[in-house]
Amino acid sequence: MSFASKLIYQGMKFSGIKKLYTLPEDEFLKKVEKMNQSRGYFKPTDKKAVYGEVEALSKYPVLTIQMSEKRAGKAVLYLYGGGTVLGPDKGDVDVARQLAERSGCDVWFPFYPLCTDVCITETFEMVYDCYKQLIEIYGAGNVSTCGFSSGGMLALGVASYINSNAEKLPMPKHVIAVSPAEIPHDDAECERMKNLNEKDVMFDYAFMEKIDKYMRHGNTNVPDYMMHGTLGDFTGVGDIHFFYSEDEVLFGALGNYEAACKRAGVPYTVTSRPGMVHAYTMLPYFKEAKEDFAKIVEILKK
């Protein structure tokens, strides 16, 4: 481990962020609502890229990021994390801009609806509408999805949504899933996650006991793949690439995600490192994260 990664690991360990996930439900929601007051949609004013805006479902904002006025030949649907309850911050948008700059792809950054306000079905519908618009603009084989944590689950979930939908849009060229979220759906997966809980300095397994309720938002008829990403159907995707810390709770879901890829006959790769924080790859400011972020860039260039 590099010195910088050790500092980040220790900083997260002593920050107390892990305790957030163990709070009683009412206290947890109050904390999240307070954090979300300083988050949400914004359009950067810097000159580092050409920023635009479109809408999904005619009401949700989507930030578009291009390196010039002329569109690139390829695009990425980039999906932030936050457990489906926490909105993005400016750092998330900056990483999306870096991805556009380095990959040569245009990037769409949807500010998707959170499960503090809606059921996860509407979140999926919004993300799907973004993807559909991208396919209409850039064409089949020129659109990839990329996301981290809950965004990683959504990046994978686009394929499952397409396969469950009569419309049958073309599949993503590449799917990049960084520490994709997953509510465990079998005892073995649950046990693997629990065994990693002490090593994870950011995320706590206790959140798994809350998130089902938030994501359903009172809806008892939610498709299984929207709650448990590893039950999705990824058939037809060009390829899938997983990135994990080996010391995070969500690493316990990898085996089930690999099984889903094998069922679908989709080629996949796994990049994992010990001692990293959750979704470290999307913090491309220290050695290990820079190296693995560069891998993502090279995949998207293809």
Side-chain angles (χ1 to χ4, degrees), residues 21 79 81-84 115 120-121 123-124 127 144-164 171-172 174-200 202-216 222-274 276-282 292 296 299:
Y21 299 102
L79 300 150
T84 72
C115 292
I120 190 64
T121 53
T123 306
F124 266 87
V127 170
S144 300
T145 62
C146 176
F148 66 95
S149 198
S150 56
M153 176 268 293
L154 289 169
L156 289 158
V158 168
S160 298
Y161 195 102
I162 293 170
N163 279 326
S164 67
M171 284 289 175
H174 309 292
V175 176
I176 311 293
V178 177
S179 304
E182 160 79 347
I183 300 176
H185 64 83
D186 61 44
D187 291 341
E189 185 180 26
C190 180
E191 194 63 25
R192 289 195 300 271
M193 288 189 180
K194 286 181 176 179
N195 288 339
L196 289 163
N197 198 48
E198 289 301 315
K199 292 183 177 181
D200 195 322
M202 282 184 64
F203 183 79
D204 196 282
Y205 183 82
F207 186 58
M208 296 301 184
E209 299 168 356
K210 300 182 178 73
I211 190 59
D212 184 279
K213 180 179 179 181
Y214 300 145
M215 290 173 70
R216 292 185 186 279
V222 177
D224 286 343
Y225 73 84
M226 293 187 182
M227 305 300 296
H228 315 283
T230 60
L231 295 181
D233 181 3
F234 308 143
T235 303
V237 174
D239 47 50
I240 298 176
H241 305 271
F242 297 96
F243 291 80
Y244 281 100
S245 165
E246 294 175 11
D247 294 336
E248 63 174 321
V249 166
L250 291 173
F251 187 60
L254 175 59
N256 282 9
Y257 271 121
E258 289 182 308
C261 290
K262 291 172 183 176
R263 286 197 305 271
V266 175
Y268 69 94
T269 66
V270 177
T271 299
S272 65
R273 294 181 186 256
M276 298 292 110
V277 296
H278 169 62
Y280 73 94
T281 314
M282 294 297 106
D292 291 346
I296 291 174
I299 292 165

For K213, the salt bridge (Lys or Arg N to Asp or Glu O under 4.0 Å) test, sequence neighbours excluded, returns E25
Salt bridge (Lys or Arg N to Asp or Glu O under 4.0 Å) involving R273 - partner list, sequence neighbours excluded:
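Salt bridge (Lys or Arg N to Asp or Glu O under 4.0 Å) list for R273, sorted by chain: E291, D292.
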Could you work out, with side chain to side chain contact (heavy atoms under 4.5 Å, CB included) as the rule, every residue matching [X], not counting sequence neighbours?
{"X": "D186", "value": "A188, E189, N256"}
{"X": "L231", "value": "H185, D224, H228"}
{"X": "T235", "value": "N163, D233, A264"}

In chain order, what residues pass the ring pair (Phe, Tyr, Trp, His ring centres under 6.0 Å) check against [X], with sequence neighbours excluded?
{"X": "Y161", "result": "Y128"}
{"X": "Y244", "result": "F251"}
{"X": "Y268", "result": "none"}
{"X": "H174", "result": "none"}

Side chains of D212 and M227, heavy atoms from C-beta outward: is any pair under 4.5 Å?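 Touching, per the 4.5 Å side-chain cut-off.
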**Study point:** Min side-chain heavy-atom separation T271-T281 under 4.5 Å
**Key:** no
- Item | Nearest atoms (heavy-atom pairs only) where F207 meets G83 |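 Smallest interatomic distance, heavy atoms only, reads CZ-O, 3.9 Å.
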Main-chain N/O of V249 paired with D200 side-chain donor or acceptor, under 3.5 Å: yes
Could you tell me the separation between the [atom1] atom of [X] and the [atom2] atom of [Y], rounded to the nearest 0.5 Å?
{"X": "T269", "Y": "I176", "atom1": "OG1", "atom2": "CD1", "value": "7.5 Å"}
{"X": "L154", "Y": "F148", "atom1": "CG", "atom2": "CZ", "value": "11.5 Å"}
{"X": "T121", "Y": "R216", "atom1": "OG1", "atom2": "CZ", "value": "10.5 Å"}
{"X": "S144", "Y": "D239", "atom1": "OG", "atom2": "CG", "value": "8.0 Å"}

Checking [X] now: which residues fulfil side chain to side chain donor-acceptor pair (under 3.5 Å) with it, not counting sequence neighbours?
{"X": "E248", "result": "S179, H278"}
{"X": "Y257", "result": "none"}
{"X": "N195", "result": "none"}

query = With a cut-off of 6.0 Å (strictly less than), are more than 12 heavy atoms of other residues, nucleotides or ligands near CD of E246?
reply = yes
